[in-house]
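Every chain is numbered from 1 and lettered A, B, ... according to where its sequence line falls, protein lines coming before strand lines.
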Protein chains: 2
Amino acid sequence: MPLDDRKKKILYAVITDYIMTAEPIGSRTIARKYNIGLSSATIRNEMADLEDMGYLEQPHTSAGRIPSDKGYRFYVDSILQNYLNNDPPISHNIREEIIAEFDEIVKRYARILATITRHTTVAKMPKLNPDKIKRIQIIPVASNKMILLVVTDTGIVKNYLLNFCQSVERDIFEFLNNLLNDKIAGKSEKDISEFLERDLRQMLGEVAFIADELIKTILLSLKQLQETDIYADGTSHILDFPEYKDLAKAKHFFNLLDNKSLLNEVLEPERDFIDVRIGSENKFEEMRELSIIKTTYKINNSVVGTIGIIGPTRMDYRRLINEINMMTKELSNLLSSIYNDEI
Amino acid sequence: MPLDDRKKKILYAVITDYIMTAEPIGSRTIARKYNIGLSSATIRNEMADLEDMGYLEQPHTSAGRIPSDKGYRFYVDSILQNYLNNDPPISHNIREEIIAEFDEIVKRYARILATITRHTTVAKMPKLNPDKIKRIQIIPVASNKMILLVVTDTGIVKNYLLNFCQSVERDIFEFLNNLLNDKIAGKSEKDISEFLERDLRQMLGEVAFIADELIKTILLSLKQLQETDIYADGTSHILDFPEYKDLAKAKHFFNLLDNKSLLNEVLEPERDFIDVRIGSENKFEEMRELSIIKTTYKINNSVVGTIGIIGPTRMDYRRLINEINMMTKELSNLLSSIYNDEI
DNA sequence: TATTAGCACTCTATTTAATTGAGTGCTAAT
DNA sequence: ATTAGCACTCAATTAAATAGAGTGCTAATA
């Protein structure tokens, strides 16, 4: 049962109105404000149909209708469709103002985007070249303590303090040092974790009791090397929306922003083009009352990060899609031009 | 006019009560809840005196009294006094759980502190060893464009794209390269900025038009090298306070947290011991309705960063001072033990 | 003389009731 | 197939009434 033209018109009217006002909207208002050319009674009937079909919902009897997630989805799809055809207007070039290194550039774009959209933005900045472990060094500190030093390709040094429940002899440390360098340095992540989980324990023989701590730490360092940084800006904009006058909801939102690992997953790139997740479409419970518009930014056509706009489900998709698209294009251009002929 | 014992008792009663309830408190309530041994009428008189002296204030006639900033200050001072004498109880050792590098460790402590205090915490993480510029490299990109590459002692590479309004000949780039390396690499910050501001322009001769852009960029890179990172956690806790049910105030607060450069200044260490700034005592307008308890953490007795708790002026100073003290001591111990015999 | 009891008064917050108004579904007329 | 009309619903607003905690002042008391 596809929507006929009249239903579409009415659905659009409800959605655009609700996006602006955040108030349920009734048949009479539509008849007055939008010149559909139908009486309120007819519109009333159509709206009842749209509700049956799941595009609208009613907060309570005798209130107006509001769009459902399905309604928004329909709306967004038709926008995106349109969007693919005519190129969005490119903004004035803001590039001149930006002088900084990678992270800083992305943060600034996220900040600008937050300002112009008046929404909360989040950005994910992965490592440019995921680091490999170049060398491992063990430094005995006490008989049951050692520092594990991890040096990476790009010269980052991480160190970890390990405590063991029993003493370890000095020459064991020596042995360990050689073993780890042999098996880990320069190897791929897959090889390393395979070695750790399969071979290490038996190779350690009588000092197997240090294996757990060791494995845990090395795996952690691997994970940290691939870890991405999350940056949020314009967080207070959410409070501009009347639906967030409800403090419990606001609290929820700020909890979400504090939860970096969740955001990290939310920003995982899933589509190359602009990706819109509306309310219940979100994988995570915490996002079920929010929508996110996200898209990737690139260096020379390869994806290096994600940037997103978060807000209530009634966000102004049309405007925001346009703005995020514009900004990420700019960002990608700038990054590409800088990191083009990398030294 | 020092406070006599009776006034002190009443002042304490008002403050502790207000910290718990956030409600103005009247003479009768005090007479009932706290066994001062005086009638409400007497307490009433004393409270009128305390108000005259500036320790209490009245939201409106016929409401109870609430503490003024001066009142809190008196209270905090007497706590800190007491505090200096008896060492605070040291918590169980949480060190075991923490394996990470510098930034990560501080962030985790800030997070734990936010959790146990149920307040927003902020942490400032300066560079361990403020970096020096080791080498500068100029890469011509086009006749009016170049990339300025700054390599630091610790191997950090920053690059900046410079645009000039006129073309520059290729051998100028060469000349510039040598000049900058000669005058900047390895030099102190003071020497560099002196050279830039005094000598550079005339040495450039006919290409002086590139000086502005160049000076701006190099100074920026110097500034960035010393720049500190700000981390905030538990931001949503502020919403637990009934005084922040007022959305305008909440918005204010989150704006503050978005403003990293302001936070950076707020967290500038000013005292070695625990430093409490109450409401109007804060330098910045934006903090006038908030209090901050901040203290430094150290590596081997030298200050490396600041950590702070932010909340409404009626925060539970006694508890929070204790908890922040505990945590930063732990943090300092841990950091010292790790970065002790630095390699 | 310091304290307390008592009283009239003030002002906010809460409760309760009344009213408004936008919206709906259904039916009958066009 | 549309539309006008009508009775009904329900949240939100407004208005009035009430309660309650507090104050300052005065006179009585120890």
Side-chain angles (χ1 to χ4, degrees), chain A residues 1 3-11 13-18 20-68 71 242-243 245-246, chain B residues 1 3-11 13-15 17-18 20-68 71 242-243 245-247:
Chain A
M1 38 169 155
L3 293 180
D4 63 44
D5 219 52
R6 210 165 72 173
K7 284 198 173 58
K8 273 189 203 170
K9 253 193 201 136
I10 293 171
L11 182 55
V14 173
I15 292 176
T16 53
D17 205 85
Y18 188 70
M20 298 316 296
T21 65
E23 293 294 335
I25 180 170
S27 53
R28 189 143 167 273
T29 316
I30 288 187
R32 257 185 295 129
K33 276 174 83 170
Y34 303 83
N35 53 343
I36 311 270
L38 293 171
S39 79
S40 68
T42 313
I43 292 172
R44 203 141 56 233
N45 291 330
E46 294 287 29
M47 282 170 81
D49 289 352
L50 283 168
E51 185 174 357
D52 286 344
M53 297 162 86
Y55 292 99
L56 295 178
E57 38 193 50
Q58 220 174 355
H60 57 87
T61 52
S62 94
R65 304 296 207 301
I66 63 174
S68 67
E243 40 269 71
K245 69 180 195 302
D246 174 1
Chain B
M1 42 171 152
L3 292 180
D4 62 44
D5 218 52
R6 209 163 73 171
K7 283 198 174 55
K8 274 189 201 169
K9 250 193 203 137
I10 292 171
L11 182 55
V14 173
I15 292 176
D17 204 84
Y18 189 70
M20 297 316 295
T21 65
E23 294 293 336
I25 179 170
S27 53
R28 188 140 169 275
T29 317
I30 289 187
R32 257 186 295 130
K33 275 174 84 170
Y34 303 83
N35 53 342
I36 311 272
L38 293 171
S39 81
S40 69
T42 312
I43 292 173
R44 202 141 57 232
N45 291 329
E46 294 286 30
M47 283 170 81
D49 288 353
L50 284 167
E51 185 174 357
D52 285 344
M53 299 164 82
Y55 292 99
L56 295 178
E57 38 193 52
Q58 219 175 355
H60 57 86
T61 54
S62 94
R65 303 296 206 299
I66 61 174
S68 68
E243 40 269 72
K245 73 181 192 303
D246 175 2
L247 278 197

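In this structure, B/I43 places its CD1 atom 15 Å from C1' of D/dA21, rounding to the nearest Å. Rounded to an integer number of Å, the gap from B/N45 CG to C/dA2 C1' is 10 Å. As a whole-Å value, the separation of A/H60 NE2 from D/dT9 C1' is 9 Å. If you take CZ of A/R65 and C1' of C/dT24, they are 7 Å apart, rounded to a whole angstrom. Atom C1' of nucleotide C/dT3 and atom CD1 of B/I36 are separated by 15 Å, given to the nearest angstrom. What separates CD of B/E46 from P of C/dT3 is a distance of 7 Å, to the nearest Å. Between the CZ atom of A/R6 and the P atom of D/dA1 there is a distance of 10 Å, given to the nearest Å. Remark: P of C/dC26 and CG of A/D49 are 12 Å apart, rounded to the nearest angstrom.
In the interface, the side chain of A/S62 is paired with the base of D/dT9 through a donor and an acceptor atom under 3.5 Å apart. You won't find any donor-acceptor pair under 3.5 Å spanning the side chain of A/R28 and the base of C/dG25, going by distance alone. No donor-acceptor contact under 3.5 Å links the side chain of A/S39 to the base of D/dT3. In terms of polar N and O atoms assigned as donor or acceptor, the side chain of B/R44 comes within less than 3.5 Å of the base of D/dG24 in a complementary pairing.
Here D/dT23 sits opposite C/dA8 as a Watson-Crick or G-U wobble pair (both hydrogen-bonding atom distances under 3.5 Å). As the counterpart of C/dT30, D/dA1 is assigned, both hydrogen-bonding distances of the Watson-Crick or G-U wobble pattern falling under 3.5 Å.
You'll find that the side chain of B/M47 is closest to D/dT23, out of D/dT23, D/dT9, C/dG25. Which of C/dT4, D/dT23, D/dT3 sits closest to the side chain of A/A41 comes down to D/dT3.
Heavy atoms of B/T61 sit under 4.0 angstrom from primed sugar atoms or phosphate atoms, though from no base atom. In this structure, A/T29 reaches the sugar-phosphate backbone alone: every heavy-atom distance under 4.0 Å involves primed, P, OP1 or OP2 atoms, never a base. Residue B/A63 is classed as a sugar-phosphate contact, given heavy-atom separations below 4.0 Å to backbone atoms only.
For the atom pair CD1 (A/I10) and CZ (A/R44), the distance works out to 11.5 Å, reported to the nearest 0.5 Å. For the atom pair B/S27 OG and B/E46 CD, the distance stands at 11.5 Å (nearest 0.5 Å).
Other residues, nucleotides and ligands contribute over 12 non-hydrogen atoms within 6.0 Å of the CG atom of B/D246.
Put simply, the side chain of B/S68 never gets that close to the backbone of B/E57: no donor and acceptor are under 3.5 Å apart.
Of all non-hydrogen atoms in B/L38 and B/A31, the two that sit nearest each other are O-CB, 4.0 Å.
Within the structure, every side-chain polar atom (N or O) of A/T42 is placed at least 4.0 Å from both OP1 and OP2 of D/dA1.
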